[in-house]
Amino acid sequence: MRHKLVIGNWKMNGNRAANTALLSGIVAGLNDFGADCAVCVPAPYLAQCQAELAGTPVAWGGQDVSIHAEGAYTGEVSAAMLRDFGATYVLCGHSERRAYHHESNELVAQKAVAALAASLTPVVCVGESLAQREAGQTEDVICGQLQAVLDALQPDQVADIILAYEPVWAIGTGQTATPQIAQDAHRFLRNCMANKNAAAAATVQILYGGSMKPENAKELMAQPDIDGGLIGGAALKSTDFLGIIQAV
């Protein structure tokens with residue numbers, strides 16, 4: 001049985017006072033909902049998360065990681081630095097990194113490898129645009145994004161990653177991915193992983209990252225291959241984030 005996991009991606013939001021209010025609200029509202037949860041925060045706030053979340057059920061992580069372990073790479077954050085602040089997770093290949101920073105599938109794969117080498121869990125993000133979906137390219141796009149990562153891993157490492165399916169066309173566009181559309185993509189991704197390691201494919205958590213909210217979380221997470229959510233805007237309000245966790 002795969003545990004449900006809900007990860008909040010703060011993106012480039014937050015300040016120390018607002019973060020304290022948000023984190024304390026999440027911690028205070030958590031009951032035994034049956035889901036694991038975490039927040040992936042801007043790098044300057046990792047120390048704050050470490051201080052305020054240590055000893056609570058909430059884990060924390062980074063939003064990006066360098067492929068380099070150290071060196072003359074101004075502005076980069078290494079996997080070891082994330083671990084130094086107690087991080088558990090790191091996002092790799094988020095749709096905004098792919099779109100705005102032109103990250104290739106191969107670069108995302110290198111980031112996942114770097115994360116695993118530092119005992120971080122990479123949350124590998126895949127997803128298609130509206131144009132790609134309308135052209136019938138969904139499976140080719142998301143399998144290609146995933147396959148680059150699988151090609152960079154040893155078979156026994158597949159079990160150590162998390163996937164997040166982000167239908168880019170359903171994020172802030174007014175378009176909606178139905179639970180069945182989401183389930184179909186998740187099942188397809190699991191089948192792709194099975195070609196590398198069938199046993200691991202059955203255990204890897206695949207999160208849904210297409211504008212999950214308290215109103216649609218229960219129906220989405222009732223699907224057999226949807227193991228939780230990668231939450232954007234709703235992660236910035238403790239009541240909404242808790243509502244999604246409670247929907248599990």
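This structure is a prediction, so every number in the text was calculated from the model and none was measured. FYI, the numbering just counts along the sequence from 1. Note that these values count all heavy atoms, side chains included, but never hydrogens, waters or copies made by symmetry.
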So which heavy atom on [X] is nearest to which on [Y], and how close?
| X | Y | result |
| --- | --- | --- |
| V204 | L163 | CG1-N, 4.3 Å |
| P179 | L220 | CA-CD2, 3.8 Å |
| I245 | A35 | CG2-CB, 4.2 Å |
| A170 | S211 | O-OG, 3.1 Å |
| V113 | L153 | CG2-CD2, 4.0 Å |
| V124 | A112 | CG2-CB, 4.2 Å |

Task: From CA spacing to verdict: salt bridge (charged side-chain N to carboxylate O under 4.0 Å, His left out), D225, R190 - done: CA-CA 8 Å; D225 288 294; R190 201 174 300 283; 2.7 Å; yes

Any donor-acceptor N/O pair, [X] side chain to [Y] backbone, under 3.5 Å:
| X | Y | result |
| --- | --- | --- |
| R98 | C125 | yes |
| N216 | M212 | no |
| N197 | V158 | no |
| Y45 | G14 | yes |

- [ ] Go through the steps for L120 and Y89 under the test side-chain contact (heavy atoms from CB on, under 4.5 Å), then give the verdict.
- [x] CA-CA 6 Å; L120 285 170; Y89 303 101; over 6 Å; no

Pair [X] + [Y], salt bridge at N-O below 4.0 Å:
| X | Y | value |
| --- | --- | --- |
| K196 | D156 | no |
| E128 | R133 | yes |
| D227 | R2 | yes |
| K213 | D240 | no |
| K111 | D64 | yes |

Just checking, is any N or O donor in the side chain of [X] or [Y] under 3.5 Å from an acceptor N or O on the other one?
| X | Y | result |
| --- | --- | --- |
| Q205 | H3 | no |
| E70 | S78 | no |
| E134 | S129 | no |
| N105 | Q145 | no |
| E52 | S24 | no |
| W60 | Q50 | no |

Establish whether [X] and [Y] are linked, either directly or via other cluster members, by ILVMFWY side-chain heavy-atom contacts under 4.5 Å.
| X | Y | value |
| --- | --- | --- |
| L230 | M221 | no |
| L207 | I226 | no |
| I231 | W169 | yes |
| W10 | M81 | yes |
| Y73 | V90 | no |

Roughly how far, to the nearest 0.5 Å, is [atom2] of [Y] from [atom1] of [X]?
| X | Y | atom1 | atom2 | result |
| --- | --- | --- | --- | --- |
| I206 | Q223 | CD1 | CD | 13.0 Å |
| C143 | L189 | SG | CG | 7.5 Å |
| D151 | Q147 | CG | CD | 4.5 Å |
| Q183 | Y208 | CD | OH | 12.0 Å |
| L22 | N13 | CG | CG | 10.5 Å |
| H186 | N191 | NE2 | CG | 13.0 Å |

Would a 4.5 Å heavy-atom cut-off, applied to side chains only, mark [X] and [Y] as touching?
| X | Y | result |
| --- | --- | --- |
| V65 | V77 | no |
| V126 | V149 | no |
| I161 | L116 | yes |
| V27 | V58 | yes |
| V41 | Q48 | no |
| C40 | I7 | yes |

TODO: Check each of K11, E166, Q63 against H94 using the side chain to side chain donor-acceptor pair (under 3.5 Å) test, and report the only one that passes.
DONE: E166

TODO: Under the side-chain contact (heavy atoms from CB on, under 4.5 Å) rule, what do L82 and L46 come out as? Steps first, then yes or no, please.
DONE: CA-CA 8 Å; L82 296 176; L46 286 166; 3.4 Å; yes

Task: CA sep, side-chain torsions, deciding dist, call: D160, T121, side-chain contact (heavy atoms from CB on, under 4.5 Å) - done: CA-CA 7 Å; D160 298 326; T121 299; over 6 Å; no

- [ ] Dump the intermediate steps for side-chain contact (heavy atoms from CB on, under 4.5 Å) on L30 and C37, then the final yes or no.
- [x] CA-CA 10 Å; L30 276 176; C37 67; 3.9 Å; yes

